[in-house]
Amino acid sequence: MLQLRTAGYKALDNLRSRNLFPPRWKNTQELEEATDRLMRQFLAERLAVSEELGAGFLLGELLERTLRTDEPEIMDDGKLPESEKLELVKALDRQNDAMGLYYRYASLLFPLIGDIAARKRRTPRLLELASGSGGLALALASEAQRQGIPLSVTGSDIVPRYMEEGKRRAAEKKLPVTFRTLNAFTMEDPDSEPYDIVLISQSLHHFTPGQLAVIIAKAKERNASAFVGIDGYRDLLLGLGMPLVAGLQRIGAFAQDSITSARRFYSEPELHLIAESAAGAGRHAVGCSWPMSVLSIRFDGGKPLAGERLR
C-alpha cells in the first residue's frame, strides 16, 4: 500500500509513450525544472490511471494523496539553532544503532564496494552526502576495518556543527573518516580526488525530485562510478510504526519529524522517474529491503545493486 506500483508504472509508460518521459535537458537548472514538472504530470497521470483501473485503485490513490505532504521537517528549518539540529540528528543515530540499521546498510553496500575496488584496482573512495553527524560513515569505516575491506570514507553535510561532531566522534573511535562541509548540489571538494561512490542515506525525502535529480547528475559529472540512495520504504505500516519508535526517546520534535518523513518518502515508481530523468535508461535499479527503499545507479557500466525486489 502507498507504493501504487500498478498504477504508477502504467502512468510512467503512458508518459513515455507521449515522449514526456524521460525529459530533455541541457543543464542542471533545466533538469531540476523538468523533473519537478514531470513529477507533477506523473501524479496527475497516476490519478487518471487509478480511476480507469477501478474503485480499489482509486481508493489507494486518494489515501496516498491524503497522507502525502511537502511540509519540511523541523530539522530543515533554517531558523533552528544548529545545536538543536544536532540533538535531532543524534536521536536518529541512536535509533539506527538500536535497530542495527547502519550495519544492514554496510552489508548492502559492501558488494558494490568490492566490485568497484576490483574494477579500479585500488581502494574505493566513498562520499556520503547529508551525513548528519556521521553515524553511517563511521559505521561503514568500522565494519570495513573489521572485515579487512579497503575503503576510504568521507562524510559531508551543509551544517558545520554536524561536521564538528563527526570529527570528534571519528577521533574518539580512532576511525579514519574525513568530514567536510559540502554542498550536495555542487560536490565541490578541491581537497579531494573524485569519489567512486556517492551515497545518500535516509535523506532522499529531504530533497525535491528536481534537486535529487541534480545530485545524481552531479555525481555522474564528477566521475563517480555509482550513486546509491537509501531511504524509508513508503508504506502505511512503516508510517504508523516510525512515530511509535521515535516516541520512545521522548523528544517531541524528533517524533514529529518521523511522521513528516514517512509522509514524504518516495515510492518505487517515483524513484524510477527521478533516476531515469537524471541518468537515462538502463543504468539504475530500485528495490526494497524492508524497511528501506534502495536506489542504485551505475555510471561505469557495472550492475546496479538494489534490494530484494526489482522491476
Side-chain angles (χ1 to χ4, degrees), residues 72-103 105-106 109 123-146 151-207 211-212 215 218-219 222 224 228-231 246 249-258 260-261:
E73 295 185 26
I74 295 171
M75 68 167 59
D76 290 330
D77 185 348
K79 297 180 180 179
L80 189 70
E82 289 190 1
S83 58
E84 294 184 35
K85 289 186 177 185
L86 181 59
E87 289 307 309
L88 295 176
V89 168
K90 285 181 176 180
L92 181 60
D93 277 339
R94 288 193 296 269
Q95 180 173 291
N96 288 333
D97 282 335
M99 297 178 66
L101 288 180
Y102 285 149
Y103 291 99
Y105 296 172
L109 289 164
T123 298
R125 294 183 285 268
L126 182 147
L127 169 66
E128 185 188 9
L129 299 172
S131 67
S133 60
L136 177 56
L138 295 167
L140 286 172
S142 176
E143 189 64 10
Q145 195 175 77
R146 187 184 72 80
L151 178 65
S152 171
V153 180
T154 298
S156 71
D157 205 289
I158 198 67
V159 181
R161 187 69 179 271
Y162 294 170
M163 298 297 89
E164 293 171 8
E165 178 66 11
K167 291 174 183 177
R168 185 195 67 77
R169 294 175 66 191
E172 182 181 84
K173 294 175 180 289
K174 298 181 180 179
L175 289 171
V177 180
T178 301
F179 286 94
R180 301 185 187 282
T181 303
L182 202 63
N183 186 324
F185 302 125
T186 63
M187 297 183 216
E188 293 178 353
D189 189 354
D191 298 325
S192 175
E193 297 181 71
Y195 296 100
D196 302 303
I197 301 169
V198 175
L199 168 68
I200 298 181
S201 168
Q202 295 183 311
S203 295
L204 297 182
H205 63 280
H206 287 264
F207 300 101
Q211 288 172 335
L212 190 51
I215 291 171
K218 280 294 181 181
R222 301 273 174 197
V228 178
I230 304 173
D231 210 353
Q249 298 199 50
R250 298 183 179 181
I251 302 174
F254 182 59
Q256 179 61 44
D257 272 358
S258 73
T260 304
S261 292

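Position 1 is the first residue of the sequence; numbering continues from there. Keep in mind it's a predicted model, so treat the numbers as computed, not measured. Note: hydrogens, waters and symmetry copies are ignored here, and every other heavy atom, side chains too, is used.
- For the pair Asp157 and Leu182, the minimum side-chain heavy-atom distance is 4.5 Å or more.
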- request: Could you go through the side chain to side chain contact (heavy atoms under 4.5 Å, CB included) check for Tyr162 and Thr181 one step at a time?
  value: CA-CA 9 Å; Tyr162 294 170; Thr181 303; over 6 Å; no

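- From Ser152, atom OG reaches atom CZ of Arg125 across 7.0 Å, with rounding to the nearest 0.5 Å.
- At least one donor-acceptor pair closer than 3.5 Å links the side chain of Ser258 to the backbone N or O of Ala255.
- When every heavy atom of Ala141 is checked against every heavy atom of Val177, the shortest pair comes out as CB-CG2, 3.3 Å.
- Residues Glu84 and Met75 are not in side-chain contact: their nearest non-hydrogen atoms beyond the backbone lie 4.5 Å or more apart.
- The shortest distance between side-chain heavy atoms of Pro124 and Tyr195 does not fall below 4.5 Å.
- Asp93 places no side-chain N or O within donor-acceptor distance of the main-chain N or O of Ser133, the cut-off being under 3.5 Å.
- Residues Asp76 and His206 share a closest heavy-atom pair of OD2-ND1, 2.6 Å.
- Between atom CD of residue Gln211 and atom CG of residue Leu204 there is a gap of 12.0 Å, rounded to the nearest 0.5 Å.
- Counting only heavy atoms from C-beta outward, the side chains of Ile74 and Gln256 approach each other to under 4.5 Å.
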- request: Give the intermediate values and the outcome of side chain to side chain contact (heavy atoms under 4.5 Å, CB included) for residues Val153 and Glu128.
  value: CA-CA 8 Å; Val153 180; Glu128 185 188 9; 5.9 Å; no

Intermediate values then yes/no, salt bridge (charged side-chain N to carboxylate O under 4.0 Å, His left out), Arg169 and Glu172: CA-CA 5 Å; Arg169 294 175 66 191; Glu172 182 181 84; over 6 Å; no

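- Considering only heavy atoms from C-beta on, Leu126 stays 4.5 Å or farther from Thr154 through its side chain.
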task: Check the pair Arg180 / Met163 against side chain to side chain contact (heavy atoms under 4.5 Å, CB included), numbers first and verdict last.
output: CA-CA 6 Å; Arg180 301 185 187 282; Met163 298 297 89; 5.6 Å; no

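- Residues Ile215 and Lys218 fail the side-chain proximity criterion, which asks for heavy atoms closer than 4.5 Å.
- Between the side chain of Arg222 and the backbone N or O of Thr186 there is at least one donor-acceptor pair closer than 3.5 Å.
- Ile200 places none of its side-chain heavy atoms less than 4.5 Å from the side chain of Ile230.
- Taking every heavy atom of both residues into account, Val198 and Ala224 meet most closely at CG2-CB, 4.0 Å.
- Ala219 and Met187 make their closest contact through N-CE, 3.7 Å (heavy atoms, listed as atom of the first residue, atom of the second, distance).
- Nearest heavy-atom pair across Phe179 and Gly166 is CE1-O, 3.2 Å.
- Atom CD1 of Ile251 sits about 10.5 Å away from atom NZ of Lys90, to the nearest 0.5 Å.
- The structure places CG of Leu136 at 8.5 Å from CG of Asn96, a figure rounded to the nearest 0.5 Å.
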- prompt: Are Glu82 and Lys85 close enough, and set up right, to give a salt bridge (charged side-chain N to carboxylate O under 4.0 Å, His left out), and what steps lead you there?
  reply: CA-CA 5 Å; Glu82 289 190 1; Lys85 289 186 177 185; over 6 Å; no

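- The backbone N or O of Leu138 lies less than 3.5 Å from no partner atom in the side chain of Ser142, so there is not a single donor-acceptor pair.
- Of all non-hydrogen atoms in Ser203 and Ala130, the two that sit nearest each other are OG-O, 3.7 Å.
- Between the CD atom of Glu87 and the CG atom of Leu80 there is a distance of 11.0 Å, given to the nearest 0.5 Å.
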- prompt: Run the side chain to side chain contact (heavy atoms under 4.5 Å, CB included) check on Gln95 and Leu101 step by step: do they pass?
  reply: CA-CA 9 Å; Gln95 180 173 291; Leu101 288 180; over 6 Å; no

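- Using a 4.5 Å heavy-atom threshold, the side chains of Leu129 and Leu199 count as separate.
- Judged by distance alone, with hydrogens and angles left aside, the side-chain atoms of Gln202 form no donor-acceptor pair with the main-chain N or O of Asp231 at under 3.5 Å.
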